[in-house]
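The block underneath contains the structure these notes are about, expressed in structure tokens.
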Protein chains: 2
Amino acid sequence: MTEKQERILETALSLFAKDGFSATSTSKVAREAGVSEGLIFRHFENKEGLLNAILENGRQKLTVIFDSIHHLEEPKEILRRVIELPLTIDEDQRPFWKLLYALKWQADVYDDSMSNPMKDILIPVFEALNYHQPELESELVMVLMDGMASHILLKRSGNVEDIKELIFKKYDL
Amino acid sequence: MTEKQERILETALSLFAKDGFSATSTSKVAREAGVSEGLIFRHFENKEGLLNAILENGRQKLTVIFDSIHHLEEPKEILRRVIELPLTIDEDQRPFWKLLYALKWQADVYDDSMSNPMKDILIPVFEALNYHQPELESELVMVLMDGMASHILLKRSGNVEDIKELIFKKYDL
DNA sequence: AAACACTAAGTGATTACTCACTTATCATAG
DNA sequence: CTATGATAAGTGAGTAATCACTTAGTGTTT
């Protein structure tokens, strides 16, 4: 990975997240990255290839987080970690998440790859906690997390920490 | 409102919702609507004006629904209606909601106009039901609804009706 | 006849992408 | 050590197509 290659990925992610994928031109990415436009196509073949490289990059970091949760033993500890996941997104990861959430609505792009691993984590938790409908409870938590993530990524004021505590209370965590 | 004018609004909404605002060209809207491209600019001034006309159109229908809930008396009945709102989106309203949710992520566009009216409805409900933190509970419900709406609009399988029932049970509705 | 709805053929700017070319990297042969 | 040559990295000026938008003009209503 060249330095210029990384610059392209970095500024493309930032621009895609801020203005949207199709509203961001390759020429703008090149200009902002201080690179010739041709270089983008040399390294990433086309605009979509650039997007895929960005997504693949982010997905790898994601797997690490998932695995670290999966290795925990105590069910309530796992549930706590899962629920507060949206709150643990740190500043430099935000553009990636914004891009991911924006792309969901982009027709063809939508990707459920995060959904199943999460279910695999949550269902055993609710089984261990003797909930009546573990699968349904898992889906509900995932819906909640989706809402929380949107809430946080779009910076809608409110105190997210308090909402988290409220959810913890409801699940007796 | 001319027939062609309505055709433009209708097909533009459909295309914006399917492919995104900036990925949809005015020429495509015109072609699909069976109309000359110039007509779009005559009636709506520019592409953004077309978008605003679509949004204004939808917002008016929205106000009607909000008011009908606001006029109810029984707190639990209100809460029930609010929570099942995402499930009552019928097929011909879906494109509007998809567009609205997609636009949230479009940087400059985001619009909180739905948030405050909803809070005004929910806070009195939780006060009447003697919840400890009415405002926080309202925010949580709104976050949940946001998640549910995404879930439904993106057609992620699962049984939304069952999830709704589970939520009802948790709020003792 | 005046306002209105509408079309067809434009406008310059910008789009994603290509191509011919130069420069840097680096292993191996003399 | 240096020269050679292959490969990858990078440039900048192109390309046709498409973009949002305009303009000049044609029918239709009132």
Side-chain angles (χ1 to χ4, degrees), chain A residues 1-57 95 98-100 102-103 105-111, chain B residues 1-58 95 99-100 102-103 105-111:
Chain A
M1 192 77 94
T2 327
E3 194 202 313
K4 297 208 173 187
Q5 211 165 340
E6 280 174 21
R7 288 275 304 280
I8 292 170
L9 281 172
E10 193 184 331
T11 65
L13 168 56
S14 149
L15 288 174
F16 289 170
K18 182 162 65 80
D19 303 325
F21 174 69
S22 37
T24 304
S25 67
T26 51
S27 72
K28 193 176 178 187
V29 172
R31 207 181 317 126
E32 202 124 325
V35 150
S36 69
E37 197 178 352
L39 194 60
I40 292 176
F41 297 91
R42 158 121 304 168
H43 286 310
F44 305 103
E45 196 182 346
N46 51 35
K47 197 185 170 185
E48 208 185 308
L50 174 56
L51 176 62
N52 288 332
I54 290 170
L55 294 179
E56 193 45 48
N57 222 19
K98 262 198 85 175
L99 178 58
L100 251 191
L103 284 175
W105 304 93
Q106 195 91 23
D108 43 330
V109 190
Y110 185 62
D111 162 37
Chain B
M1 190 77 94
T2 328
E3 193 202 315
K4 298 211 171 187
Q5 209 165 341
E6 279 175 21
R7 288 273 303 279
I8 291 170
L9 280 173
E10 193 183 331
T11 66
L13 169 55
S14 150
L15 288 173
F16 288 169
K18 183 162 64 78
D19 303 323
F21 174 68
S22 37
T24 303
S25 66
T26 50
S27 72
K28 195 176 177 187
V29 172
R31 206 180 318 124
E32 202 125 324
V35 148
S36 70
E37 197 179 352
L39 194 60
I40 292 175
F41 295 92
R42 165 156 219 81
H43 284 310
F44 305 102
E45 195 181 346
N46 52 34
K47 197 186 172 186
E48 208 185 307
L50 174 56
L51 175 62
N52 287 332
I54 290 170
L55 293 179
E56 194 44 48
N57 221 21
L99 177 59
L100 212 64
L103 284 176
W105 304 93
Q106 196 89 26
D108 44 330
V109 190
Y110 184 65
D111 163 36

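Reckoned from all heavy atoms, side chains included, excluding hydrogens, waters and symmetry mates. These numbers come from a predicted model, not from an experiment.
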Counting just side-chain N and O atoms, does [X] come under 4.0 Å of either OP1 or OP2 of [N]?
X	N	value
A:Ser27	C:dT15	yes
A:Thr2	D:dG10	yes
A:Thr26	C:dT15	no

Rounded to whole Å, please give me the gap between [atom1] in [X] and [atom2] in [N].
X	N	atom1	atom2	result
A:Glu45	C:dA16	CD	C1'	13 Å
B:Arg7	C:dT7	CZ	P	10 Å
B:Glu6	C:dA5	CD	C1'	14 Å
A:Phe21	C:dA16	CZ	P	8 Å
B:Glu3	D:dT28	CD	C1'	15 Å
A:Arg31	C:dA16	CZ	P	11 Å
B:Ile40	D:dT22	CD1	P	13 Å
A:Leu39	D:dA8	CG	C1'	11 Å

Counting heavy atoms from C-beta on, name the nucleotide in [options] closest to the side chain of [X].
X	options	value
B:Val35	C:dC6, C:dT7, C:dA16	C:dT7
A:Glu37	D:dT11, D:dC21, C:dA16	C:dA16
B:Ser25	D:dC19, D:dC21, C:dC17	D:dC19
A:Phe41	C:dA16, C:dC6, D:dG10	C:dA16
B:Arg42	C:dC6, D:dG10, C:dA16	C:dC6
A:Lys4	D:dC21, D:dG10, C:dC17	D:dG10
B:His43	D:dG10, D:dC21, C:dC6	C:dC6

Hey, does A:Ser22 reach any base, or is it just sugar-phosphate, or nothing, if we go heavy atoms under 4.0 Å?
nothing
Closest non-hydrogen atom pair, B:Gln5 against B:Phe44 |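 Heavy atoms of B:Gln5 and B:Phe44 come nearest at CG-CZ, 3.8 Å.
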A:Lys47 and A:Phe21 have their tightest heavy-atom pair at NZ-O, 3.0 Å
Determine whether a donor-acceptor pair (N or O, by modelled atom type, separation under 3.5 Å) exists between the side chain of A:Ser14 and the backbone of A:Glu10.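 Not at all, since once roles are kept as given, no pair shorter than 3.5 Å links the two residues.
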- Task: For B:Glu45, look at atom CD and say whether over 12 heavy atoms of other residues, nucleotides or ligands are found less than 6.0 Å away.
- Result: no
Checklist entry - Below 4.5 Å, heavy atoms only, C-beta onward: do A:Leu50 and A:Thr26 meet side chain to side chain? => result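 Of all side-chain heavy-atom pairs linking A:Thr26 with A:Leu50, none is under 4.5 Å.
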